[in-house]
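What follows is a short report on a single structure.
Residue numbers start from 1 in every chain, and the chains themselves are labelled A, B, ... in the order their sequence lines are given, proteins ahead of strands.
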Amino acid sequence: MSATKQHKVRDIFVEGPIDPDFVGESIAKHATRHDIGAHEVFLGQVRGDEVDGKPVQAIAYTAYRDMALERMTAIREEAFARWPSMTCLHVHHSLGTIKTGELCFMVLASAPHRQAAREAVAWVVDRVKSELPIFGKEILPDSTHAWKVNR
Amino acid sequence: MSATKQHKVRDIFVEGPIDPDFVGESIAKHATRHDIGAHEVFLGQVRGDEVDGKPVQAIAYTAYRDMALERMTAIREEAFARWPSMTCLHVHHSLGTIKTGELCFMVLASAPHRQAAREAVAWVVDRVKSELPIFGKEILPDSTHAWKVNR
Amino acid sequence: MKVLLFGLIAEKAGASEIDVQGSSTGELRQALTGRIVGLDRMMYAIAVDRRIVHEDIPLTGSEEIAVLPPFAGG
Amino acid sequence: MKVLLFGLIAEKAGASEIDVQGSSTGELRQALTGRIVGLDRMMYAIAVDRRIVHEDIPLTGSEEIAVLPPFAGG
């Protein structure tokens, strides 16, 4: 009976890569929402960057889970306050080893019109990248590695 | 052997709604491109807006096909010139009757980094909506209809 | 010359193409207004060879002409 | 007090947590530098109860403390 709305902490983390089919399934679930006119989706894919002349073969992701989920809950709340017309916001991030070419990050926003969905996805992606304590070890050939840092 | 690059006119039109599974399949095809780090996707879904107090049940799309494809080819070329790092751009639009809740429009851009993919999708979506001769008849209950106009 | 019609305008004309005469887009607009009831109160654009033309330009009769109501793609 | 370590810093320390003493975040930084070789040349942040703290604040010992290298999510 508190005056403050209780916000559920959702788990955004999935073990292993995000299946491209999951993207389609996530969108399909919104077909019953007749107030939605626009979905905007961002997907992060592991790039085969060269590090010291060696191509990245995979990124092993770890996270400070409890802090990441607390931060994400705050970001979600702020996103819905900034774009009140947004009907849904789904965020998923991989943990564990994700190979080059596989998907590791998904943000999906849905709204009646494109402007809200577009702006919310851009804003949420940027906030997640800069504020969530997620760490990436770039796996290189010959059992070497490097630590990824977001630009 | 012409000095001018020959640009293929691609058919963006599909008969009927865009299957959400097709979105996942389109993304999955890029797993072999190790220079891609970001995919941005826009999806248009038919909204159940009220028109004169009656809910839209479907939109029947028609197009001036030849002009639409010519315009789209020009938009594609300009998009690749504006965002040279963009690796791929896929655009699909439905023709025929698309029910409320179904998808009628998809734009997918892929790039090494998110900024190019994000900006290109926003720009292409806006250009398609304002420049492609596509017409939408909103089907209402009782065999009535209204003609949709983009805002 | 043959003129392609789309959407609301095709519906009002009861046809997807129509034969009208005109040696310029201005003359064409006048001829169309006489043939399609209510066109003078509608928003539309004329495309000549698949490009929208706002000015009054001469026509030879060999162009591909279309009358386009407001776009609704996306 | 127990301090959680992540990523490159956990790797350098050879552990995902470490026991160090300090009555403030400033003292904690000094204690960590003595325990983790090369930490003084690394970029890192200290989180107290899951919030990053830039100032020097007092610690009672009951807080959840973590040492975080640069983020790489997305």
- Note on the structure: Closest heavy-atom pair, B:H39 versus A:L103, reported as atoms and distance to 0.1 Å, is CD2-CD2, 3.9 Å
- Note on the structure: On a heavy-atom basis, the closest approach of A:Q45 and B:R33 is NE2-O, 3.3 Å
- Message: Tell me whether the count of non-hydrogen atoms from other residues, nucleotides or ligands lying under 6.0 Å of CG in B:D11 goes above 12.
- Response: yes
- Message: Counting heavy-atom pairs closer than 4.5 Å to chain A, which one of B:I36, B:D21, B:V23 comes out on top?
- Response: B:I36
- Residue by residue, scan residues 105-115 of chain A and write down, ordered by number, those that have a heavy-atom distance under 4.5 Å to chain B; if none do, write 'none'. A:P112, A:H113, A:R114
- Message: Exactly one of B:I18, B:D19, B:V41, B:L43 should register a side chain to side chain contact (heavy atoms under 4.5 Å, CB included) with A:I27. Which one does?
- Response: B:L43
- Query: Tell me, side chain or backbone of A:T100 under 4.5 Å from chain B's heavy atoms, or both, or neither?
  - Reply: both
- Item | For the student: nearest non-hydrogen atoms of B:D126 and A:R118, plus distance | OD1-NH2, 3.0 Å
- chain A: which of B:G24, B:G37, B:S26 shares the most heavy-atom pairs with it under 4.5 Å? B:G37
- Give the member of A:K99, A:E102, A:K129 that has the highest number of heavy-atom pairs under 4.5 Å with chain B. A:K129
- Task: Calculate, to the nearest 0.5 Å, the distance between atoms CD and NE2 belonging to B:Q57 and A:H34 respectively.
- Result: 10.0 Å
